[in-house]
Enquirer: 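My questions will all concern the structure given below.
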Amino acid sequence: MNLEGKKILLGITGGISAYKSLELIRMYKRAGAEVKAVLTNNALEFVTPLTIQTLTNNKVYINNFDTSDYSPEHISLCDWSDIFVIAPATANTIAKIANGICDNLLTSLSAAYNKPFIIAPAMNCNMYNNPVVQENITKLTTLGYNFVAPETGFLACGANGTGRLADLNKIYLRTAELLNPLKPLEGKRILITAGGTIEKIDPVRYISNFSSGKMGISLAKCASKLGAKVTLISTFKVDGDFENIVTLSAEEMLKEVETQLDLQDCIIMAAAVADWKIKNYSSQKVKKTNTGDSWNIELVKNPDILKTICKKRTGEKPIIAGFSAESENLLQNASEKIKSKGCDFIIANDISRTDSGFSSDYNEVYIIDKKLNTKFIERTTKDEIAKIILESIFEQTGNYIKTGSVCSA
Ligand code: PMT
């Protein structure tokens, strides 16, 4: 894969495999990239600045307080580069990044960096398996850092286990993939709904639910990143790389979704649509003095958007997926819903949990298809869940290319 014109910032920390980063520089340069390297003081024990400078044809960066330039280097190097790759990354540096410590130029850069970031750990196998190191890696992965896992084999320290710097080709391919992201959903139009619908009682009050819209927004952002032309119908305004239509009530949402039905390749209903609306909306504020000590509000059924569009669809397009929000009998209720609503997929989530589902940044879901084939996705970020849902749905069409990368929103 071509890296012509790309600017790569390579971080080198103090491990024996630092010598391998010399070859990585050559690989990046051969592919047309420009490389600048930033080293920790410990890295200098393994490789020399002269070697790095000769291979990169650039100054080598080590010191936080280098005053040769008017601009602080931890900011100017961020601005200059398209990606930051730390290879090898020691347990020490990973721990510092995971905890926001900025005690040298490389860790200061890490804290300031807001573009694609790759970390390729290399260390002794006992260090790598240490739960503290693993916890740091999990934390950073959850935050959207891309890890290229070390390999298992004979290590420089004499041990045999996992900790050897990943094959340089893997680090190179991950870099190329993040710099030239594939667009497996290019040409597809996807409609997503998000948020809890708002059913007005009077000009002041309404009934709704605990949906934050996060699941739907993650789906919209991810689909857009993967190349789809996305329309997000939500119950509040959302900024992003997609068209956004705001509707409040279930009836308004139904109208918009119906308008879109024939235009879309796929519709995913992540909105928490109220099953009930107020029978008699009061155009004036209802006064306490008029209701007495109790107030009976009569509710009537809302239209079922998912069911309606599944019935109206004439051919195989669009693919239609719904969510099933359950507090008990998750799989049984979800399986019944896929049949009763007539959709192609149902994504079941447990909304009684406090660590996932409603309002959380995390979710844990079952993706169920019409034949009731079920795929379990254990608790992870909604961004990651969104990507797996989109992959699962579009793998059916046979033209989805796996990217392997997280859709961090
Ligand atoms: O928004 P978050 O805080 O991120 O939380 C995400 C979520 C829990 C809201 C989301 O993952 C979710 O489960 N969305 C669907 C909520 C819901 O309405 O579930 P349901 O089981 O009541 O409905 C099943 C499906 O029918 C849903 O796709 C729903 O959009 C649709 N429906 C429901 C009622 C109705 N009148 N019309 C509908 O179209």
Side-chain angles (χ1 to χ4, degrees), residues 1-90 92-94 96-97 102-122 145-148 150 156 164-181:
M1 255 190 267
N2 196 320
L3 296 181
E4 202 64 50
K6 302 293 182 194
K7 294 186 170 110
I8 298 173
L9 185 61
L10 178 64
I12 306 175
T13 69
I16 182 63
S17 54
Y19 79 91
K20 294 185 182 170
S21 30
L22 306 182
E23 182 54 28
L24 189 60
I25 295 171
R26 286 167 59 82
M27 289 168 83
Y28 287 148
K29 294 275 290 180
R30 271 199 299 268
E34 193 180 341
V35 182
K36 288 187 180 179
V38 52
L39 276 70
T40 60
N41 277 320
N42 287 344
L44 297 175
E45 303 287 335
F46 298 93
V47 286
T48 71
L50 181 61
T51 319
I52 307 270
Q53 185 177 313
T54 309
L55 292 175
T56 59
N57 305 132
N58 269 315
K59 174 185 162 182
V60 177
Y61 298 84
I62 301 158
N63 194 340
N64 237 346
F65 303 103
D66 189 335
T67 52
S68 61
D69 197 344
Y70 72 93
S71 164
E73 263 154 4
H74 65 289
I75 302 302
S76 63
L77 287 171
C78 291
D79 293 343
W80 171 82
S81 57
D82 299 311
I83 192 165
F84 192 10
V85 182
I86 304 184
T90 58
N92 183 41
T93 291
I94 292 170
K96 287 181 190 174
I97 298 172
C102 310
D103 63 347
N104 59 38
L105 180 59
L106 188 146
T107 50
S108 304
L109 269 162
S110 303
Y113 212 72
N114 59 358
K115 298 176 194 173
F117 202 133
I118 294 177
I119 299 177
Y145 289 76
N146 299 277
F147 275 81
V148 183
R164 194 167 64 196
L165 183 70
D167 181 336
L168 295 184
N169 284 313
K170 283 192 188 156
I171 303 174
Y172 175 84
L173 280 174
R174 196 81 178 94
T175 312
E177 185 189 84
L178 287 171
L179 287 172
N180 306 301

Enquirer: For Ile171 and Ala120, which heavy atoms make the closest approach, and how far apart are they?
Expert: CD1-CB, 3.7 Å
Enquirer: To the nearest 0.5 Å, tell me how far Leu22 CG sits from Leu55 CG.
Expert: 6.0 Å
Enquirer: Pairs of donor and acceptor atoms involving the side chains of residues 37-46, under 3.5 Å and at least two apart or interchain, shall be tabulated with distances.
Expert:
from  : atom 1 : to    : atom 2 : distance (Å)
Thr40 : OG1    : Ala43 : N      : 3.2

Enquirer: Does any N or O in the side chain of Thr107 come within less than 3.5 Å of the main-chain N or O of Asn104, such that one atom is a donor and the other an acceptor?
Expert: yes
Enquirer: Can you run down the salt bridge (Lys or Arg N to Asp or Glu O under 4.0 Å) pairs that involve residues 18-30, sequence neighbours left out, and say none if there aren't any?
Expert: Glu23-Arg26, Glu23-Arg30
Enquirer: Go through the side-chain N and O atoms of Thr51 and Thr48 and say whether any donor and acceptor fall under 3.5 Å apart.
Expert: yes
Enquirer: Measure the shortest side-chain to side-chain distance between Leu10 and Ser21 over non-hydrogen atoms and say whether it is less than 4.5 angstrom.
Expert: yes
Enquirer: Taking only residues two or more places apart in sequence or in another chain, which ones pass salt bridge (charged side-chain N to carboxylate O under 4.0 Å, His left out) with Lys170?
Expert: Glu151
Enquirer: Among Asp82, Ile8, Asn58, find the residue that satisfies the side chain to side chain contact (heavy atoms under 4.5 Å, CB included) test when tested with Glu34.
Expert: Asn58
Enquirer: Distance from Cys78 atom SG to Lys115 atom NZ, nearest 0.5 Å?
Expert: 7.0 Å
Enquirer: Residues two or more places apart in sequence or in another chain: which of them pass side chain to side chain donor-acceptor pair (under 3.5 Å) with Thr13?
Expert: none
Enquirer: In Å and rounded to the nearest 0.5 Å, what is the OG1 to CG distance from Thr175 to Leu168?
Expert: 10.0 Å
Enquirer: Please name all residues satisfying side-chain contact (heavy atoms from CB on, under 4.5 Å) with Asn169, sequence neighbours left out, ordered by chain then number.
Expert: Met27, Asp167
Enquirer: Can you see which heavy atom on Ala31 is nearest to which on Asn2, and at what distance?
Expert: O-OD1, 3.4 Å
Enquirer: Is there a side-chain contact between Leu24 and Val35 (heavy atoms, below 4.5 Å)?
Expert: no
Enquirer: For Pro121 and Ile94, which heavy atoms make the closest approach, and how far apart are they?
Expert: CB-CD1, 3.8 Å
Enquirer: Applying side-chain contact (heavy atoms from CB on, under 4.5 Å) to Leu105 and Ile62, what does each step give before you reach the verdict?
Expert: CA-CA 6 Å; Leu105 180 59; Ile62 301 158; 6.0 Å; no
Enquirer: Return the set of residues passing side chain to side chain donor-acceptor pair (under 3.5 Å) with Lys96 (not counting sequence neighbours), or none when no residue passes.
Expert: Asp103
Enquirer: What are the two closest heavy atoms between Pro88 and Leu165, and how far apart are they?
Expert: CA-CD1, 3.9 Å
Enquirer: With sequence neighbours excluded, tell me which residues meet ring-ring contact (aromatic ring centres under 6.0 Å, His included) with Phe117.
Expert: Phe84, Tyr113, Tyr145
Enquirer: With side chain to side chain contact (heavy atoms under 4.5 Å, CB included) as the test, pick out the partner of Ile86 among Ile118, Leu106, Leu109.
Expert: Leu106
Enquirer: Quick one: pull up CG in Leu178 and NZ in Lys6 and give me the separation to the nearest 0.5 Å.
Expert: 11.5 Å
Enquirer: Could you tell me which residues satisfy side-chain contact (heavy atoms from CB on, under 4.5 Å) with Thr54, sequence neighbours excluded, listed by chain and number?
Expert: Leu50
Enquirer: Do Leu9 and Tyr61 have side chains that get closer than 4.5 Å, going by heavy atoms?
Expert: no
Enquirer: Of all residues at least two apart in sequence or in a different chain, which pass the side-chain contact (heavy atoms from CB on, under 4.5 Å) check with Gln53?
Expert: Val60
Enquirer: Please determine whether side-chain contact (heavy atoms from CB on, under 4.5 Å) holds for the pair Ile119 and Val148, giving the CA-CA distance in whole Å, both sets of side-chain angles, and the decisive distance to 0.1 Å.
Expert: CA-CA 6 Å; Ile119 299 177; Val148 183; over 6 Å; no
Enquirer: Answer whether the closest heavy-atom distance between the side chains of Tyr28 and Thr56 falls below 4.5 Å.
Expert: no
Enquirer: Report the residues that fulfil salt bridge (charged side-chain N to carboxylate O under 4.0 Å, His left out) with Lys36, sequence neighbours left out, ordered by chain and then residue number.
Expert: none
